[in-house]
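In this text, all values refer to a predicted model and were calculated from it rather than measured experimentally. Side-chain atoms are counted along with the backbone in the values below, which use heavy atoms only and exclude waters and symmetry mates. All residue numbers in this chain count up from 1 along the given sequence.
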Amino acid sequence: MKILLLSGGSGRRLWPLSNSVRAKQFLKLLPTQHGKSESMIQRVCGQLDDARLLSSTYIITCENQLEIIKNQIDTQIPVICEPSQRGTFPSIALACAYLHSNYYAGPEETICVVPVDSYVEPLFYKLLQSIPDILQISQAELALLGAVPQFPSDQFGYILPKPGQKEEIGCLPIDQFIEKPDTETARRLIEKNAFWNCGVFGFSLNFMIEYLNKMGLSTSYSQLLKNYDLLPEISFDYKIAEKNSRSIVIPYSGLWKDLGSWETLSGQLESPVSGKGSLSKDSKNTQIVNELSIPIHAISISNSIIAASPEGILVADKQKSNAIKDMAETARLMYEEKRWGIYKVLDFSYTSEGMESLSKLLKILPGRNISYQTHQFRQETWTIISGEGEFILDGRLVYIKAGDVLQIPVGAKHAVKAITPLEIIEVQWGEKLQEEDIIRIAASWEETVKHIIKERERWSLSSAVQCVRTIWKTCLKTMKIRFGRKKN
């Protein structure tokens, strides 16, 4: 069985901590047994590892989240990148094409799609292991996991099994899907033994390959990737699950929570105050999550979430906090996790000369490096605040430490590697300051060093050729002078 871990959502409901790159699954807010904090994706991967399923797991994500995945997750886990976010159907189709044409998985291989933002018990992952056998015994084409509802909710989808059926082989045939009904309808569905839809799909690889063939779509990964924008922008539920007549639901009676809103996520936080700040004793059911360096103090505020980050500040009633997804707009990312560490935007402004100025705080992890790169539209000044490292500018490597100031002209090739935790204040200045203004020459430090060695070899060869040319020109000039004298 292959696990496809869906990790491409944006998580706008958890603004201001989440953004288009640091989506909800990457927020390190969940407490661990060791007194630290971890993200949803780190928790899920840990549980998959405990269930011995991690070695068969592939992460599906979009390209702009690849850096943060490399920051948080074991780099040995294969990552399948979709070029753009187009819904769960295109992403699952792309991943199945990858397993089919690149990994050469057999047609009978069971594929299990799991969302990354489910908060569940280990029993959940043990139940996943039963999906191949249940599919084979039931002769169903598609299996879904359904959690036994704890209360009527209008935030979840529901799976209604066919009436009068008994659970004999660990599953029930599906009669109907209902997407986020009102609370009263949800109550009636629960009375009919409906389940919450966990967003888990199990099917054979052949099921998906045949479906792509019927749609006239390529089952080649490279071709599907090339024509990804032509795929319908739709969820797997709407495109396939709700139209399939041979589908089953596998009941799950353990803990299941969708941590997609401040109301549900705040219930899993270890402390009512995270970061600098305080709550008065008469503030009930209120959480402060503060990523800023300035404190937040709340007095006599109940049933609320107060969240602050470089992106902005949210103060909301927990039950109505989901409305933020339609209100929050961010022109520029103010915080981002990269494979080498993090950065925070400190200030952005326009100068009197009509240029742009941007200040950042970079925190680079020991042993990590920023790629060897160059910029076309900006110059940079780096001030080393703390730590030690190595810095390369146009092929020249130097040791750097706290107090050093580094000037990087427009077009200069540069890279940095942290020996100890390295903090840098970066000031950009130019006509247009965009994250896209990066031409990467080499990603790893080893590749950077190899590239510089090759450059020096080319420089040496070029210098030698130039030297020979100069000598030859001098010889020709001398010969002309001599011959000219003899002629006279």
For Arg22 and Glu291, what are the C-alpha separation, side-chain angles and deciding distance, and is it a salt bridge (charged side-chain N to carboxylate O under 4.0 Å, His left out)? CA-CA 14 Å; Arg22 188 174 66 148; Glu291 291 188 336; 2.9 Å; yes
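- In this structure, CG on Asn197 lies 4.0 Å from CD1 on Ile159, to the nearest 0.5 angstrom.
- Considering only residues two or more places apart in sequence or on other chains, Ser235 meets the side-chain contact (heavy atoms from CB on, under 4.5 Å) condition with Thr88, Asp237, Tyr238.
- With rounding to the nearest 0.5 angstrom, the CD1 atom of Ile3 is 11.0 Å from the SG atom of Cys45.
- At a threshold of 4.0 Å, the pair Lys450-Glu447 does not count as salt-bridged, since none of the basic side-chain nitrogens sits closer than that to a carboxylate oxygen.
- Closest approach of His375 to Ile438, counting heavy atoms only: CE1-CG1, 3.7 Å.
- The salt bridge (charged side-chain N to carboxylate O under 4.0 Å, His left out) contacts involving residues 279-289 comprise nothing, where partners must be two or more places apart or lie in separate chains.
- Remark: the backbone N or O of Arg52 is not paired with any side-chain donor or acceptor of Gln129 at under 3.5 angstrom.
- Considering every non-hydrogen atom in both Pro107 and Ser204, the closest pair reads O-CB, 3.9 Å.
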Would you please test Glu191 and Arg188 for salt bridge (charged side-chain N to carboxylate O under 4.0 Å, His left out) and show each step? CA-CA 5 Å; Glu191 291 174 356; Arg188 291 196 298 268; over 6 Å; no
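- In summary, of the residues considered (Thr61, Ile59, Ile60, Val116), a side-chain contact (heavy atoms from CB on, under 4.5 Å) with Leu6 occurs for Ile60 alone.
- Between Ala415 and Ser371 the shortest heavy-atom distance is CB-O, 3.8 Å.
- Every residue meeting the side-chain contact (heavy atoms from CB on, under 4.5 Å) condition with Gln155, not counting sequence neighbours, appears here in chain and number order: Arg13, Ser153, Asn322.
- Here the OG atom belonging to Ser283 is positioned 8.0 Å from the CD1 atom belonging to Ile288, to the nearest 0.5 angstrom.
- Between the side chains of Ser261 and Glu263, no donor N or O sits under 3.5 Å from an acceptor N or O.
- Residues Trp15 and Ile313 share a closest heavy-atom pair of CZ3-O, 3.7 Å.
- Distance check: Ile41 CD1 to Lys24 NZ gives 12.5 Å after rounding to the nearest 0.5 Å.
- Heavy-atom minimum distance, Ile131 versus Cys112: CD1-SG, 3.7 Å.
- To the nearest 0.5 Å, the span separating CZ on Phe195 from CG on Leu160 amounts to 9.5 Å.
- Remark: the backbone N or O of Gly106 is not paired with any side-chain donor or acceptor of Asn206 at under 3.5 angstrom.
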Please determine whether side-chain contact (heavy atoms from CB on, under 4.5 Å) holds for the pair Ile92 and Phe203, giving the CA-CA distance in whole Å, both sets of side-chain angles, and the decisive distance to 0.1 Å. CA-CA 12 Å; Ile92 293 171; Phe203 50 86; 4.0 Å; yes
Show, in sequence, the C-alpha distance, side-chain angles and deciding distance for Leu255 and Glu121, and conclude whether the side-chain contact (heavy atoms from CB on, under 4.5 Å) test is met. CA-CA 6 Å; Leu255 172 69; Glu121 297 173 323; 3.5 Å; yes
Show your working on side-chain contact (heavy atoms from CB on, under 4.5 Å) between Met40 and Leu265 and close with a plain yes or no. CA-CA 10 Å; Met40 299 179 198; Leu265 179 59; 4.3 Å; yes
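- Atoms CZ and CG, from Phe348 and Leu358 in turn, are 6.5 Å apart once rounded to the nearest 0.5 Å.
- No side-chain donor from either of Gln72 and Lys28 sits under 3.5 Å from a side-chain acceptor of the other.
- Taking both residues in full, the closest heavy atoms of Ile209 and Cys96 are given as CD1-O, 4.2 Å, listed atom of the first, atom of the second, then distance.
- When only modelled atom types and interatomic distance are considered, Gln268 and Tyr119 share a side-chain donor-acceptor pair under 3.5 Å.
- No side-chain heavy atom of Leu333 sits under 4.5 Å from any side-chain heavy atom of Val345.
- Taking the six-membered ring where tryptophan is involved, the planes of Trp196 and Trp256 are tilted, since the angle between them lies from 30° to 60°.
- The aromatic rings of Phe156 and Phe151 are tilted relative to each other, their planes meeting at an angle between 30° and 60°.
- Using a 4.5 Å heavy-atom cutoff, the side chains of Leu99 and Lys2 are in contact.
- Note on ring orientation: taking the six-membered ring where Trp is involved, the planes of Phe201 and Phe236 are tilted (angle from 30° to 60°).
- Lys239 places no side-chain N or O within 3.5 Å of a backbone atom of Pro232 that could act as its donor or acceptor partner.
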side-chain contact (heavy atoms from CB on, under 4.5 Å), that's the test. Do Met1 and Leu53 meet it? Break it down for me. CA-CA 9 Å; Met1 180 171 69; Leu53 292 171; 4.0 Å; yes
